[in-house]
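Keep in mind it's a predicted model, so treat the numbers as computed, not measured. All residue numbers in this chain count up from 1 along the given sequence.
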Amino acid sequence: MTSFIAMLALLSGCRHGNDDVAPIVGNIAKSYYDNLLRGDYDAFVEAQHHPDTIPHSYKSQLADNARMFMAQMKEEHGGIASISVKRTEVDTLHHAASVFLLMRFRDNTEEQVIVPMVRKGGTWLLR
């Protein structure tokens with residue numbers, strides 16, 4: 001019975017924690033995508049979760065992919081004008097979150113993207 005009560009308290013705490021953590025995680029994801037807007041592709045790659053250290057050449061390829069993505073957005077939409085957080089769903093039990101970002105393009109179109117996040121060592125990273 002005692003363990004049941006402890007489990008309920010833990011679950012209640014996680015639920016309450018979601019309300020506190022969600023805006024923080026959403027803003028972290030937005031800041032990582034703001035790196036793309038500034039052209040800081042290396043910082044965007046550093047914000048991604050990788051199982052272990054990865055070779056510099058692979059990091060360079062990931063940065064090139066981010067650069068190509070931004071070039072494609074410029075070609076198709078005139079570029080990204082702004083990024084905002086629509087909502088964030090946090091699963092504190094599994095140290096994961098889904099951040100719903102709204103990308104507004106310079107051609108006045110919008111696209112919502114879901115950004116999966118994972119918490120590793122106290123830091124929220126792009127998954």
Side-chain angles (χ1 to χ4, degrees):
M1 181 68 166
T2 305
S3 61
F4 177 73
I5 293 171
M7 181 62 86
L8 282 178
L10 177 65
L11 292 175
S12 297
C14 289
R15 175 96 174 109
H16 176 69
N18 286 352
D19 296 337
D20 297 337
V21 174
I24 295 168
V25 177
N27 286 329
I28 291 170
K30 182 189 178 309
S31 73
Y32 293 157
Y33 272 77
D34 285 343
N35 289 329
L36 288 178
L37 292 180
R38 286 190 302 275
D40 193 348
Y41 307 116
D42 291 330
F44 182 74
V45 171
E46 287 301 319
Q48 297 173 5
H49 173 258
H50 302 286
D52 289 317
T53 57
I54 59 173
H56 178 71
S57 59
Y58 183 60
K59 283 185 179 183
S60 180
Q61 289 174 2
L62 292 172
D64 287 344
N65 286 343
R67 187 177 292 105
M68 287 186 287
F69 168 76
M70 291 303 287
Q72 181 181 358
M73 293 302 100
K74 186 171 185 174
E75 181 181 316
E76 293 178 5
H77 301 285
I80 299 172
S82 66
I83 298 173
S84 60
V85 179
K86 292 299 286 180
R87 78 174 198 267
T88 304
E89 297 174 0
V90 179
D91 180 350
T92 54
L93 184 63
H94 295 102
H95 306 287
S98 294
V99 179
F100 296 78
L101 296 178
L102 183 67
M103 291 185 182
R104 290 186 178 90
F105 298 102
R106 298 205 184 278
D107 65 1
N108 294 320
T109 60
E110 298 178 336
E111 182 177 340
Q112 182 172 293
V113 295
I114 301 171
V115 179
M117 303 281 289
V118 62
R119 186 171 179 215
K120 291 293 178 187
T123 302
W124 286 97
L125 300 169
L126 301 168
R127 183 169 28 133

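Residues that satisfy the side chain to side chain contact (heavy atoms under 4.5 Å, CB included) test with N108, not counting sequence neighbours, are absent from this structure. Judged as a side chain to side chain contact (heavy atoms under 4.5 Å, CB included), and not counting sequence neighbours, the contacts of A43 are N35, D40. Evaluation of the ring pair (Phe, Tyr, Trp, His ring centres under 6.0 Å) rule for F44 yields Y33 as partners, not counting sequence neighbours.
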Sequence neighbours excluded and cut-off under 3.5 Å, please list the side-chain donor-acceptor pairs for residues 58-68, or say none.
from, atom 1, to, atom 2, distance (Å)
K59, NZ, E46, OE2, 2.9
D64, OD1, R67, NH1, 2.6

Let me check something: any side-chain donor-acceptor pairs from residues 116-127 under 3.5 Å, sequence neighbours excluded? List them with distances.
none

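One hydrophobic cluster, built from ILVMFWY side chains closer than 4.5 Å, cannot hold both V45 and F69; they sit in different ones. A continuous path of Ile, Leu, Val, Met, Phe, Trp and Tyr side chains, each step under 4.5 Å between heavy atoms, connects V113 with V25, placing both in one hydrophobic cluster. In the hydrophobic clustering of this structure, V85 groups with I28; members are Ile, Leu, Val, Met, Phe, Trp, Tyr whose side-chain heavy atoms approach within less than 4.5 Å, directly or through other members.
Sorted by first and then second residue, the ring-ring contact (aromatic ring centres under 6.0 Å, His included) pairs involving residues 97-123 (not counting sequence neighbours) are H77-F105. The side-chain hydrogen bond (donor to acceptor under 3.5 Å, both in side chains) pairs that include a residue from residues 93-106 are S84-R104, D91-H94, R104-E110, where partners are two or more places apart or lie in different chains. Judged as a salt bridge (charged side-chain N to carboxylate O under 4.0 Å, His left out), the pairs with a partner in residues 25-34 (not counting sequence neighbours) are, in order, K30-D34. A salt bridge (charged side-chain N to carboxylate O under 4.0 Å, His left out) check over residues 69-87, counting only residues at least two apart or in different chains, returns the pairs R87-E89.
Across A29 and V115, no two heavy atoms sit closer than the pair CB-CG1, 4.5 Å.
Taking the side chain as every heavy atom from C-beta outward, L37 and M70 approach each other to under 4.5 Å. With contacts defined as side-chain heavy-atom distances shorter than 4.5 Å, the pair L102/I83 does not qualify.
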